[in-house]
Amino acid sequence: MNTLPLFFNLQHRSVLIIGGGDVAIRKATLIKSAGANITIIAKHIDDELKALLKDNNHRLIIKEYDKADLNADFAFCIVATDDNDLNRQIYHDCKSLNLAVNVVDTPDLCDFIFPAIVDRNPITIGVSSNGNSPVLARLLRAKIESVIPNNIGKLAQVAGEFRETIKNRLPNVNSRRKFWESIFGDNLNGVGVFSHNDNINLTALEKELSRFEKSNQHQGEVYIVGTGAGNPDLLTFKALRLMQQADVVLYDALVSDEILDLCRRDSDKIFVGKKRSCHAKSQDEINQLLVDLAKQGKRVLRLKGGDPFIFGRGGEEMLSCQAAGVPYQIVSGITASLAGASGAGIPLTHRGVATSVRFLTGCYQTGENFNGLKSTYQTDETLVFYMGLHALEKVVVSLTADLPSDTPVAIVSNASLPNQKVLIGDLTNIVEKQEQAQLPAPAIIIVGKVVNLYQHH
Ligand code: SAH
């Protein structure tokens with residue numbers, strides 16, 4: 001972070017603006033709306049600015065700037081004259097007095113910067129690019145504006161008034177958090193009682209609270225969620241929503257930091273491991289942990305790479321929840337085969353070329369490697385291997401017994417990620433090609449004629 005975002009209380013504080021033109025008007029409008037008393041010093045003051053600051057809280061002084069105009073009583077100083085040399089001089093004068101200063105549109109001469117603002121009072125959101133690209137910050141602000149319900153400010157305000165009642169009625173912090181998350185979460189997702197509703201008042205909140213008190217709020221829940229093959233773009237909305245609600249997150253090696261960062265900030269994050277032959281916790285321990293945490297009333301998120309039910313052991317976790325009577329939700333994710341196929345541009349069931357696709361593993365639960373198809377290979381079939389890269393040679397040798405030797409093979413490594421790589425060959429040469437190319441894990445291996453549709457791009 002280059003700068004620290006803060007929300008500055010300017011009520012009844014004085015702010016100095018030097019300059020009296022368009023730029024000064026923009027800044028004065030903003031600063032006035034935050035409740036500050038403004039002093040303008042300029043040789044000429046625009047009529048619009050005079051009209052804006054006509055009440056007694058503000059001072060308009062028509063004169064040349066002088067260092068004696070500065071003093072440390074001002075909360076800060078905005079410099080907006082059209083004379084760059086003068087602006088720079090004022091900047092240095094402010095620095096010598098330790099007065100925080102912003103020379104408008106000159107990042108080098110700013111102690112602080114103004115963000116692009118979403119103002120849904122009392123909700124305020126500031127977006128900054130730290131001077132790198134104000135246009136991008138503005139576009140981001142517009143995007144945020146578009147996804148925030150109009151009544152969010154009103155909801156926040158009434159929630160503020162309701163705080164004491166809630167504290168008395170729900171003494172437990174976790175219950176309070178759950179209550180607010182259900183109210184605000186549903187509102188943000190456009191599905192709550194207050195969505196599209198301007199009639200938000202204490203009585204309506206009271207009604208929601210009674211409903212909540214009657215529900216079983218101490219019951220925890222397990223979310224078994226697939227995150228997709230690695231790129232956060234592949235997350236589903238549902239995954240993201242649950243990630244932002246969970247109290248505890250159990251994640252494994254395929255879940256990237258970028259994805260973890262999208263989880264609720266104050267959630268506990270527990271690494272439960274699993275890279276080939278390096279397990280931080282056994283599957284039984286994980287199953288037990290999920291159940292125990294949910295029984296403590298927590299919302300437990302089990303984050304898994306790809307899809308939880310495709311070589312993901314999500315099934316075992318689901319069965320443990322069932323056995324313990326713990327409620328659970330399963331959220332599918334984009335499995336590595338699909339991300340790899342789309343990433344490489346290999347349509348797994350291309351019309352006229354393949355009529356089915358099999359997902360296989362290069363490494364069985366027993367630790368043994370793939371040792372041949374269990375049913376006859378059809379030439380219009382696509383095979384996709386997970387966990388096969390380290391055993392590529394074994395996989396290829398086993399397949400050669402059943403498949404024509406010129407069957408095309410693709411390896412897609414780090415599918416969906418910026419470092420995605422594709423290697424193309426056939427059963428006769430892919431092992432040698434991989435020995436040279438050394439594509440890293442994780443990778444899937446696609447076998448079948450659809451690989452011929454691959455085009456380097
Ligand atoms: N549940 C996961 C699979 C877990 S098994 C899913 O649905 O995708 C782990 C294997 O998944 C790896 O050995 C590799 O074969 C594959 N894999 C996971 N992420 C991948 C990625 N980004 N690119 C290619 N293969 C990947």
Side-chain angles (χ1 to χ4, degrees), residues 223-236 238-239 250-260 271-281 283 286-287 290 301-318 330-346 348 357-370 382-396 399 409-424 430 434 437-448 451 454:
Y223 312 134
I224 302 173
V225 173
T227 61
N231 194 319
D233 279 355
L234 300 186
L235 284 169
T236 59
K238 185 162 185 186
L250 274 64
Y251 65 99
D252 61 30
L254 283 175
V255 176
S256 66
D257 290 347
E258 242 178 316
I259 287 178
L260 266 189
F271 176 66
V272 292
K274 295 229 200 116
K275 262 194 180 137
R276 209 166 52 78
S277 69
C278 156
H279 290 216
K281 281 206 189 313
Q283 188 61 44
I286 297 172
N287 297 348
L290 289 173
L301 175 72
R302 174 69 176 109
L303 270 191
K304 293 174 156 302
D307 182 273
F309 282 179
I310 301 287
F311 302 120
R313 308 194 71 171
E316 286 146 88
E317 292 164 1
M318 177 186 75
I330 314 282
V331 181
S332 52
I334 296 182
T335 187
S337 292
L338 304 187
S342 56
I346 300 174
L348 295 180
V357 53
R358 264 197 247 190
F359 293 161
L360 304 110
T361 174
C363 172
Y364 299 123
Q365 211 183 339
T366 54
E368 278 168 62
N369 290 323
F370 174 81
T382 306
L383 308 177
V384 187
F385 285 88
Y386 291 73
M387 296 173 277
L389 194 62
H390 68 285
L392 181 66
E393 189 166 359
K394 276 218 111 171
V395 170
V396 167
L399 287 177
V409 180
I411 297 176
V412 187
S413 149
N414 282 311
S416 82
L417 294 163
N419 53 348
Q420 173 182 297
K421 288 217 163 63
V422 184
L423 185 66
I424 302 287
I430 193 72
Q434 166 61 3
Q438 294 287 328
L439 260 52
I444 48 150
I445 305 161
I446 306 179
V447 182
V451 170
Y454 172 80

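Side chains included, hydrogens not; waters and symmetry mates left out as well; all remaining heavy atoms used. Residue numbers count from 1 along this sequence. A quick note: this is a predicted structure, and the numbers were derived from the prediction, not measured. Read the numbers this way: they start at 1 and go in the same order the structure lists the ligands and their atoms.
Protein residues having a heavy atom under 4.0 Å from any atom of ligand 1 are Ala229, Leu254, Gly305, Gly306, Asp307, Ile310, Phe311, Gly312, Thr335, Ala336, Tyr386, Met387, Val412, Asn414, Ala415, Pro442, Ala443, Ile444, listed by chain and number.
Partners of Asp233 according to the side chain to side chain contact (heavy atoms under 4.5 Å, CB included) rule, which considers only residues two or more places apart in sequence or in another chain, are Asn231. The side chain to side chain contact (heavy atoms under 4.5 Å, CB included) search around Ala339 returns Ala229, Leu234, Ile334, Ala415, Ser416, not counting sequence neighbours. In this structure, the side chain to side chain contact (heavy atoms under 4.5 Å, CB included) partners of Phe309, at least two apart in sequence or on a different chain, are Asp307, Met318, Ile330.
Closest of all the heavy-atom pairs between Ser337 and Val384 is OG-CG1, 3.1 Å.
Between the CG atom of Leu423 and the OH atom of Tyr454 there is a distance of 9.0 Å, given to the nearest 0.5 Å.
Paired with Gln283 under the rule side chain to side chain donor-acceptor pair (under 3.5 Å), one option of Glu316, Glu317, Gln365 passes, and it is Glu317.
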